[in-house]
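Step one of this worksheet: look at the structure below.
Each residue takes its place number in the sequence, starting with 1. Hydrogens, waters and symmetry mates play no part in the numbers below; they use all other heavy atoms, side chains included.
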Amino acid sequence: MPGKLRSIGKRRIAAVAVVALVALAVVGWAAARQIRSPAQVAADTAAPKPSPITVPVERRTLSTVVIVRGTVRYGAPQPAVLGTSRVKQGSDIVTRAPRRRAELGAGDVALNVDGRPVFVLPGAVAMSRDLHRGLEGPDVRQLERALAGFGLSPGTVDGRYDAATEGAVSAFYLRQGWDPFGPTDVQLEQLRTAQAAAAQARDAHLQALNTIEQAQTATPAELQQARLDAVAAREALDTAVLGVASAQAKLAQARATASSLSGGETVAIANDKRDQAAAAVEVGNKQAALNAAIEDERIARMKVVEVPPDAPPSEREAAASAAKAAADAIPRAQAELDAAIAAADAVRVAGPDAQRKARADAAQAMRDVRTANDELRRARQAVRTARASAKLASQRVRILGRPADTNAMRAIAAASAEEASRTRAEVARISTQSNIQVPANEILFFPTLPLRVDAVKARRGSQVSGSVMNVTSSRLAIDSSLAVSDAKLVRPGDQVTIEDQDLGIKARGVVSQVADTPGTNRVDPSRFYLGVSPDAGVRALVGASVKLTIAVKSTRGEVLAVPASALSVGGDGDSRVQVRRGARTQIVKVVPGLAAEGLVEVRPTVPETLAPGYLVVVGSRRG
């Protein structure tokens, strides 16, 4: 037993020794791991070898854009103002007003004035004068161009209102269902006056020629007759002067009458309201009287019924007589009511008649003023003619009273010939104006058609004054604004992409306007107004806020493009990129172009050294 115990103790000691040796070996290995040379330390702390980051070269179109928002509206708002006609004798009363939201195209009637049409035609020159034969100008040219657009032939489109233009105007009016505007009473009167003056001038010229013929053979009788003719000519001059005074007085009287009648229609309207009110009161009174008579008759009948049976006959007869008298009063009251109603109806009918009469009287008074003006003009012309005749007669007396000298007579004849020629030309001028005409207030010219009536200014029955309506073109326009930096880039004509994500609409357009100064067109004072014209009108966009993308600069077609980080500058100042081919890197010189969207256009100095798909180095990353 003791020997066995000693054997076990020896094995335990051996095992502990083995474990101790193993532990010492481990400790030595760990200590050896902690001990490194300086070279090993430098190798372990050095940065790993970097590897290049590459991207492929692209072929694409580059563009620099400006993005803003804008509001869509109908474009080109403008007022429509009628011209003033000198040939029409109306009072410029609107008889049919424009219709709001109506679309007006070439040849449409926008409104009626004094029962005459106001046509809409294409043209850039506003209608500012009456057009008639003999006139020339750009307004006539655009009228001819518009007539030709309707398939009518105004002759050569040369800006001259001639017989062919007049025929085309007449055909246009008739085709549209209206009579063309012919000569007025005033023009016809002016023509008659001019013809009379021409006849007098011709007679004076013939008399001067006759005086020259007879100058060499004057007799005492002829001299006496010449003196009588001179006296008669002076008397005719005095009469003509009195005629001027009479015409002036007549004109003053006509103007006073016109002034007094100018408010006649207003007075007639007031009188009509007063008379209708009085008639209504009278009808009410008569109705009340009838109601009272009916009530009296009812009470009288009740009193007849209420008479006691044993009442004296006289009482019953009195009650019956009162009932009969009350019953007889009802027809009289009804008749009076019927008469009052008839009178009220007559007042209602007579009121508009009185207003029309007052309006007609005012128009007639204005015509009388114009007629008096014409008479005054004729009287003054007669004074000039009589003065010339008196002068000729006096000169004839002097010529006949001394030896014949035809020089003065020939000068008189020449002067009379010039006057005859002038009056003939005046007759021709007025005659050309007295044919088919286009009054200034019967056409509205607009540069673009069709148009949309946005607001009506002239109401039916009102007098034309200023703008009759506001119109916009049927094309759409977009209002926006630019920051100062963007305004330097955007130019009229730049392409614009228009988007409305809510409606799913995408369209294109062009920049129509960039303001020169900030704060115009109701934009912020620090921004510049921007106008855009869409290529196609999309009515659903009106009033919407849309996204505008403007390509302010673009490459012409596809170009080679690399990231901006791929470019570097060499020691010689040239731009270059590093092209990676397998494990090898090649330096390629390039000429940079437009930079946009994070890319740069590049053109290699040697074309075959760079192509789409080549890998260029944009950076490096650690391994």
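Closest approach of Val81 and Ser467 over heavy atoms only: CG2-CA, 4.0 Å. The minimum heavy-atom distance linking Ala611 with Val57 is given by the pair O-CB, 3.5 Å. Smallest separation of non-hydrogen atoms from Asn441 and Ser85: OD1-CB, 3.7 Å. The nearest pair of heavy atoms linking Val169 to Gln437 is CG1-O, 4.5 Å. Across all non-hydrogen atoms, the minimal contact from Asp516 to Phe528 is O-CE2, 3.5 Å.
When Val546, Ile505, Asp535 are each tested for a side-chain contact (heavy atoms from CB on, under 4.5 Å) with Ile498, only one passes: Val546. Here the options are Ser545, Ser481, Ser480, the test is side chain to side chain donor-acceptor pair (under 3.5 Å), and the partner is Arg69; only Ser545 passes.
Sorted by first and then second residue, the salt bridge (charged side-chain N to carboxylate O under 4.0 Å, His left out) pairs involving residues 564-573 (not counting sequence neighbours) are Asp572-Lys589.
Side chain of Asp130 to backbone of Arg86: a donor-acceptor contact under 3.5 angstrom is found. Between the side chain of Ser462 and the backbone N or O of Arg459, at least one donor-acceptor pair lies under 3.5 Å. Between the side chain of Glu144 and the backbone N or O of Gly159, at least one donor-acceptor pair lies under 3.5 Å. No donor-acceptor pair closer than 3.5 Å links the side chain of Asp454 to the backbone N or O of Asn470. In this structure, the side chain of Gln176 engages the main chain of Gly107 through a donor-acceptor pair within 3.5 Å. No donor-acceptor pair under 3.5 Å is formed between the side chain of Thr472 and the backbone N or O of Pro77. A donor-acceptor pair under 3.5 Å is formed between the side chain of Arg580 and the backbone N or O of Gly582.
No side-chain heavy atom of Asn112 sits under 4.5 Å from any side-chain heavy atom of Val94. When side chains are defined from C-beta on, Asp139 does not count as touching Tyr161, because their heavy atoms never get closer than 4.5 Å. Two residues are said to be in side-chain contact when any heavy atoms from C-beta on lie closer than 4.5 Å; Val157 and Gln142 fail this criterion. Gln578 has its side chain within reach of Thr585: a pair of non-hydrogen atoms, C-beta onward, lies under 4.5 Å apart.
The distance from the CD atom of Glu58 to the CG atom of Leu599 is 5.5 Å, given to the nearest 0.5 Å. Note: Leu548 CG to Asp479 CG = 10.0 Å, rounded to the nearest 0.5 Å.
Other residues, nucleotides and ligands place more than 12 heavy atoms under 6.0 Å from the CZ atom of Arg508. More than 12 non-hydrogen atoms from other residues, nucleotides or ligands lie less than 6.0 angstrom from CZ of Arg581. By the 6.0 Å contact criterion, CD on Gln501 is open, its count of non-hydrogen atoms from other residues, nucleotides or ligands being 12 or less. Summarising the local packing, CZ of Arg129 is surrounded by more than 12 heavy atoms from other residues, nucleotides or ligands at distances under 6.0 Å.
Considering only residues two or more places apart in sequence or on other chains, Tyr74 meets the ring-ring contact (aromatic ring centres under 6.0 Å, His included) condition with none of them.
At a threshold of 4.0 Å, the pair Arg377-Asp374 counts as salt-bridged, since one of the basic side-chain nitrogens sits closer than that to a carboxylate oxygen. Under the 4.0 Å criterion applied to side-chain N and carboxylate O atoms, Arg133 and Glu166 are assigned as salt-bridge partners. By the 4.0 Å N-to-carboxylate-O rule, Glu136 lies too far from Arg141 to be salt-bridged with it. Taking a cutoff of 4.0 Å between a charged side-chain nitrogen and a carboxylate oxygen, Asp486 and Lys488 do not qualify as a salt bridge.
Side-chain atoms of Arg367 and Gln364 form a donor-acceptor pair, as typed in the model, at a separation below 3.5 Å. Donor-acceptor pairing under 3.5 Å is lacking for the side chains of Asp158 and Thr156.
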Evaluate the side chain to side chain contact (heavy atoms under 4.5 Å, CB included) criterion for residues Val55 and Leu615: first the C-alpha distance (whole Å), next the side-chain angles of each, then the deciding distance (0.1 Å), finally the verdict. CA-CA 5 Å; Val55 295; Leu615 297 177; over 6 Å; no
Derivation and outcome, salt bridge (Lys or Arg N to Asp or Glu O under 4.0 Å), residues Arg116 and Glu442: CA-CA 7 Å; Arg116 296 284 301 172; Glu442 290 196 5; 2.9 Å; yes
Under the criterion salt bridge (Lys or Arg N to Asp or Glu O under 4.0 Å), I'd like the reasoning laid out for Glu103 against Arg452: C-alpha separation, chi angles, the key distance, then a yes or no. CA-CA 5 Å; Glu103 288 198 359; Arg452 182 175 181 271; 5.7 Å; no
Go through Leu131 and Val140 one step at a time and tell me if the side chain to side chain contact (heavy atoms under 4.5 Å, CB included) criterion holds. CA-CA 7 Å; Leu131 301 182; Val140 177; 4.0 Å; yes
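Between Phe150 and Phe172, the ring planes lie tilted relative to each other; the angle falls in the 30° to 60° range.
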